[in-house]
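Single-structure report; data block below.
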Amino acid sequence: MPVAVAVVLSAAVTALLCSFGPAVIRRLPEPAVESDSADKTPYPDIAARPRLAAHLAAGGAVVGGLVGWRPGWDSALLPWLYLGAVGVVLAYIDARTRLLPTRIIGPSYAVVAVLIGVASLIEGSAAGLMRAGLGWLAMGGCYVVLWLIYPRGLGYGDVRLSGLLGLGLGYVGWPALVTGAYSGFLIGGVGGGILALLRVVHHKHFPFGPFMLAGALVGLVWGETFADWYVSR
């Protein structure tokens with residue numbers, strides 16, 4: 001089937017899943033009161049933003065279109081339909097609260113693992129499944145080390161998210177994993193610096209999750225392209 005069909009269907013499915021975002025956010029438990037969350041807006045208030053479902057669906061359509069365009073009808077489309085949708089919702093939550101809820105990330109590990117398992121069965125090979133596990137260890141391990149070295153510079157929600165993204169990127173391939181991990185830091189450094197200069201966020205307290213998710217999308221879509229360019233130099 002044409003890639004265009006995959007793009008349209010992926011955009012539609014991701015937009016539909018994202019439209020349930022407000023209902024998911026509304027049911028999230030409030031975090032324990034800590035210095036970083038003491039001034040947090042309650043989740044029901046965040047979910048009550050006018051036309052939030054439509055805005056999340058629009059973002060989901062863009063992300064879903066890119067997800068459908070890169071792998072097309074490849075088996076990687078299966079886990080990335082979910083990752084694209086949950087990524088849009090997590091990016092919104094982190095941008096508003098500087099928190100990445102474990103209530104979403106934790107179950108997502110199981111969902112993505114199952115979808116990768118199904119995709120591997122469709123593919124008829126265990127290579128992608130093994131690569132996904134190594135991607136989880138590599139990307140998640142990198143973030144754990146960074147968090148241990150400087151805990152104040154990285155939230156543990158980012159560490160949890162890194163392993164989830166490592167699963168998805170690892171299944172796609174090593175170029176996607178390396179590009180996605182590196183792009184998260186690059187986009188976060190540049191984007192966070194710009195937001196700090198514009199006084200949108202504090203330079204020491206800005207949400208890193210959206211940049212990680214944007215980097216993962218870059219790795220998914222353009223990882224192979226960057227790898228080919230690097231090798232040909």
Side-chain angles (χ1 to χ4, degrees), residues 9-31 36-37 40-68 70 76-116 136 139-140 143 155-169 180 183-184 187-188 191 195 200-201 206-221:
L9 287 179
S10 178
V13 170
T14 307
L16 177 62
L17 292 175
C18 287
S19 68
F20 293 102
V24 173
I25 296 170
R26 192 177 300 114
R27 289 169 173 76
L28 289 173
E30 297 296 336
D36 291 339
S37 60
K40 176 192 165 296
T41 304
Y43 284 123
D45 293 348
I46 294 172
R49 175 184 171 184
R51 298 183 295 279
L52 176 59
H55 293 158
L56 291 176
V62 174
V63 171
L66 289 171
V67 167
R70 160 53 183 88
L77 180 61
L78 193 57
W80 275 95
L81 279 173
Y82 177 81
L83 277 171
V86 79
V88 170
V89 176
L90 285 172
Y92 172 72
I93 294 172
D94 198 22
R96 291 295 307 274
T97 66
R98 299 200 311 274
L99 295 169
L100 288 163
T102 306
R103 184 63 64 91
I104 294 178
I105 296 177
S108 292
Y109 271 93
V111 174
V112 172
V114 168
L115 292 175
I116 287 176
W136 165 60
M139 192 165 174
Y143 272 77
Y156 204 75
D158 300 325
V159 176
R160 295 189 187 97
L161 178 61
S162 68
L164 184 63
L165 296 178
L167 275 173
L169 290 170
S183 296
I187 298 171
L195 292 176
V200 176
V201 297
F206 67 88
F208 191 55
F211 300 115
M212 293 175 64
L213 292 158
L217 192 60
V218 170
L220 172 71
V221 178

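Residues: numbered from 1 along the sequence shown.
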**Fill in**
Taking every heavy atom of Ala15 against every heavy atom of Ala57, the minimum-distance pair comes out as CB-O, 3.3 Å
**Message:** With side chain to side chain contact (heavy atoms under 4.5 Å, CB included) as the test, pick out the partner of Tyr43 among Pro29, Pro22, Pro101.
**Reply:** Pro101
**Asked** For the atom pair CD1 (Ile105) and CG (Leu165), what is the distance rounded to the nearest 0.5 Å?
**Response** 8.5 Å
**Item:** Residue pair Leu100, Arg160: steps toward the side-chain contact (heavy atoms from CB on, under 4.5 Å) verdict
**Value:** CA-CA 9 Å; Leu100 288 163; Arg160 295 189 187 97; over 6 Å; no
**Prompt:** Which residues pass the ring-ring contact (aromatic ring centres under 6.0 Å, His included) test with Phe208, sequence neighbours left out?
**Reply:** Phe185
**Request:** First locate atom CG of Leu90, then atom CD1 of Ile104, and finally report the distance between them rounded to the nearest 0.5 Å.
**Result:** 5.0 Å
**Request:** Go through Leu213 and Leu161 one step at a time and tell me if the side-chain contact (heavy atoms from CB on, under 4.5 Å) criterion holds.
**Result:** CA-CA 9 Å; Leu213 292 158; Leu161 178 61; 4.1 Å; yes
**Prompt:** Under a 4.5 Å cut-off applied to non-hydrogen side-chain atoms, are Leu217 and Val67 in contact?
**Reply:** yes
**Asked** Looking only at atom types and distance, does a side-chain atom of Tyr109 sit under 3.5 Å from a main-chain N or O of Leu167, one as donor and one as acceptor?
**Response** no
**Asked** Side-chain contact, heavy-atom cut-off 4.5 Å: Leu83 with Leu164?
**Response** yes
**Fill in**
CG (Leu28) and CD1 (Ile93) are apart, to the nearest 0.5 Å, by 5.0 Å
**Request:** Answer yes or no: is there a donor N or O on one side and an acceptor on the other, between the side chain of Arg70 and the main chain of Leu66, under 3.5 Å?
**Result:** no
**Asked** Which residues pass the ring-ring contact (aromatic ring centres under 6.0 Å, His included) test with Tyr156, sequence neighbours left out?
**Response** Trp147
**Request:** Drop me the distance from Thr14's OG1 to Leu56's CG, to the nearest 0.5 angstrom.
**Result:** 12.5 Å
**Asked** Is Ser19 reaching over with its side chain to a backbone N or O of Ala53, donor-acceptor style, under 3.5 angstrom?
**Response** no
**Message:** Tell me the closest heavy-atom pair linking Gly68 and Ser10, and the distance in Å.
**Reply:** N-OG, 3.5 Å
**Prompt:** side-chain hydrogen bond (donor to acceptor under 3.5 Å, both in side chains): which pairs involve residues 79-92, sequence neighbours left out?
**Reply:** Tyr82-Ser108, Tyr92-Arg96
**Request:** Measure across Asp94 and Pro207 and return the closest heavy-atom pair with its distance rounded to 0.1 Å.
**Result:** O-CB, 3.3 Å
**Item:** Shortest non-hydrogen contact from Glu30 toward Pro44
**Value:** OE2-CD, 3.6 Å
